[in-house]
Amino acid sequence: EKGGFPHFMLKEIFEQPAALQNTVSPRVKDGHIDLAIPLTESQLAGFKQIHIVACGTAMHAGIVGKYLIEKLARTPVNVDVASEFRYRDPILDKDDLVVIISQSGETADTLAAMRLAKQRGAHTLAVVNVVGSSIAREADSVLYTWAGPEIAVASTKAYTVQLSIMYLLAFKLAACKGTIDAAQEADYVAQLCAIPQLLEKVLETSSRYEELAKQYMHAEDMFFIGRGLDYALSQEGSLKLKEISYIHSEAYAAGELKHGTISLITDDMPVIALGTQQRLLEKMVSNIKEVKARGANVLFICYEGYEGADEFADNVIYLPLSSDIFAPLASIIPLQLFAYYISSLKGCDVDKPRNLAKSVTVE
Ligand code: M6R
């Protein structure tokens, strides 16, 4: 049932290109996006504010969604963990869209947050993987992610397909609002449809991560740093490592380091630095040099063709070139494989980490 893989998690990491394709292609026709939800284009264009509410990895997909929607559709987006949102008396009104993201569709806090949003009259749009789950049944609109069953407790392919829905939603909202034109929509859609091949290329290099894991598996703490979309990915990379390898780690916005955390950087502290955002690369590199100067052991993830990375990084992972906004879909794979091999080499129960349940149906 594991298809020849030692763990479900590794199998599911390798299923990502197909899962992405299955989620995106039914919603794309002739360069346009058809979400097949009961909302007209003018309703989609009319939302004044968007809230994305979820837990854990699903919430991390929401953070990427915020960047994409705000950048392309220019609608303000608030991302919240469901357990905070539901008790915060959030400001919600009838012109708001509330996007609920959940792999299982059964997470107690996420379900309660969705019920609250419905009560307040907002439109609820659920992004769910399990067909017929509670969240899918109760939402006003549903966008299924077609990842297939995800068995490993650590979410991998469900995250990637949640991201792909965030792209489709951002492009669709932008097209409806007119912040992108039809040609730009078609161009973005074509780029998204080409991502599965790019992911196959990243997966071809998977054997390298075992070597890297051997170097970093004895660490007690690690930091993940990035800016913009790379910061969003750092948060997911850090969660993956923590939950399955039991190594403490923190994700930090690289520019925030010198406001406190840099005091923790001492000799040999592993720092996983993401540098896929060209616009922010120079600033990122100076942050890396700052941690390096304090003794950090830097693993740097950037695009192939970036020269000089090995002058300031101890290890470099080169990703096949993609444009900045699509980088998360490629850069998540190194982070997943890094966490996977560390967990597996440490002899941890990769698919069923201690104290965790696949679906958190109680508060
Ligand atoms: O089923 P859901 O997407 O609602 O689950 C949300 C979180 O419990 C889940 O993503 C959790 O953080 C994973 N173990 C992360 O790998």
Side-chain angles (χ1 to χ4, degrees), residues 7-13 15-16 19 23 52-65 79-86 98-115 117 124-139 142-166 224 232-247 249 251 328 332-333 335-340 342-344 348-363:
H7 299 98
F8 282 110
M9 183 179 174
L10 192 60
K11 172 175 178 265
E12 289 163 3
I13 289 172
E15 283 170 351
Q16 291 180 109
T23 303
I52 304 182
V53 186
C55 299
T57 287
M59 194 275 292
H60 291 155
I63 298 174
V64 173
V79 183
D80 228 325
V81 287
S83 56
E84 288 297 313
F85 181 87
R86 62 181 290 202
V98 177
V99 179
I100 300 288
I101 310 178
S102 176
Q103 187 284 129
S104 62
E106 302 295 348
T107 301
D109 282 319
T110 312
L111 179 59
M114 188 183 74
R115 288 179 176 156
T124 53
L125 166 63
V127 178
V128 178
N129 195 47
V130 176
V131 175
S133 55
S134 303
I135 292 174
R137 279 187 277 114
E138 290 187 31
V142 184
L143 286 171
Y144 280 112
T145 51
W146 300 115
E150 190 180 62
I151 309 293
V153 164
S155 185
T156 55
K157 62 177 179 171
Y159 173 75
T160 314
V161 292
Q162 286 160 356
L163 289 187
S164 72
I165 295 283
M166 294 299 108
F224 287 74
L233 270 281
S234 300
Q235 294 173 65
E236 175 57 8
S238 171
L239 173 62
K240 238 27 0 135
L241 182 77
K242 275 181 281 215
E243 68 179 328
I244 61 171
S245 77
Y246 315 141
I247 294 174
S249 78
I332 187 56
I333 291 181
L335 301 177
Q336 293 167 342
L337 288 169
F338 182 68
Y340 169 78
I342 290 183
S343 171
S344 142
C348 302
D349 191 347
V350 176
D351 287 334
K352 285 199 175 67
R354 67 184 179 213
N355 307 340
L356 287 169
K358 181 66 185 161
S359 178
V360 183
T361 53
V362 289
E363 280 192 60

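For the numbers below, each heavy atom of this structure counts, side chains included, while hydrogens, waters and symmetry mates do not. Read the numbers this way: they start at 1 and go in the same order the structure lists the ligands and their atoms.
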Sub-4.0 Å atoms of ligand 1 with respect to non-hydrogen atoms of [X]:
X: K240; answer: 15 (C), 16 (O)
X: A154; answer: 16 (O)
X: S104; answer: 1 (O), 2 (P), 4 (O)
X: V153; answer: 13 (C), 14 (N), 16 (O)
X: T107; answer: 1 (O), 2 (P), 4 (O), 5 (O)
X: A58; answer: 3 (O), 10 (O)
X: S155; answer: 15 (C), 16 (O)

* To do: Answer with yes or no whether S359 contacts ligand 1, where contact means a heavy atom under 4.0 Å from a ligand atom.
  => no
Is there a donor in the side chain of [X] and an acceptor in the side chain of [Y], or the other way round, less than 3.5 Å apart?
X: Q103; Y: S155; answer: no
X: Q336; Y: Q16; answer: yes
X: S238; Y: S249; answer: yes
X: K240; Y: T57; answer: yes
X: E106; Y: S134; answer: yes

Side-chain heavy atoms of [X] within contact of [Y], under 4.5 Å:
X: I13; Y: Y340; value: yes
X: T361; Y: T107; value: no
X: F338; Y: I333; value: no

* V53 and A82: which non-hydrogen atoms are nearest, and at how many Å? -> CG1-CA, 3.5 Å
Could you check [atom] against the protein and tell me its nearest heavy-atom contact, residue, atom and distance included?
atom: atom 3 (O) of ligand 1; result: Q103 N, 2.6 Å
atom: atom 7 (C) of ligand 1; result: C55 O, 3.6 Å
atom: atom 9 (C) of ligand 1; result: T57 N, 4.1 Å

* To do: Determine, considering heavy atoms only, which of N129, I101, V360, I244 sits nearest to atom 8 (O) of ligand 1.
  => V360
* To do: Could you name the option among M9, M59, E243, K242 that has the heavy atom nearest to atom 14 (N) of ligand 1?
  => E243
* To do: Return yes or no for this condition: an N or O of T110 is under 3.5 Å from an N or O of ligand 1.
  => no
* To do: For a side chain to side chain donor-acceptor pair (under 3.5 Å) with K157, tell me which candidate from E15, Q162, E12 qualifies.
  => E15
* Heavy atom under 4.0 Å from ligand 1: found in E106's side chain, backbone, both, or neither? -> neither
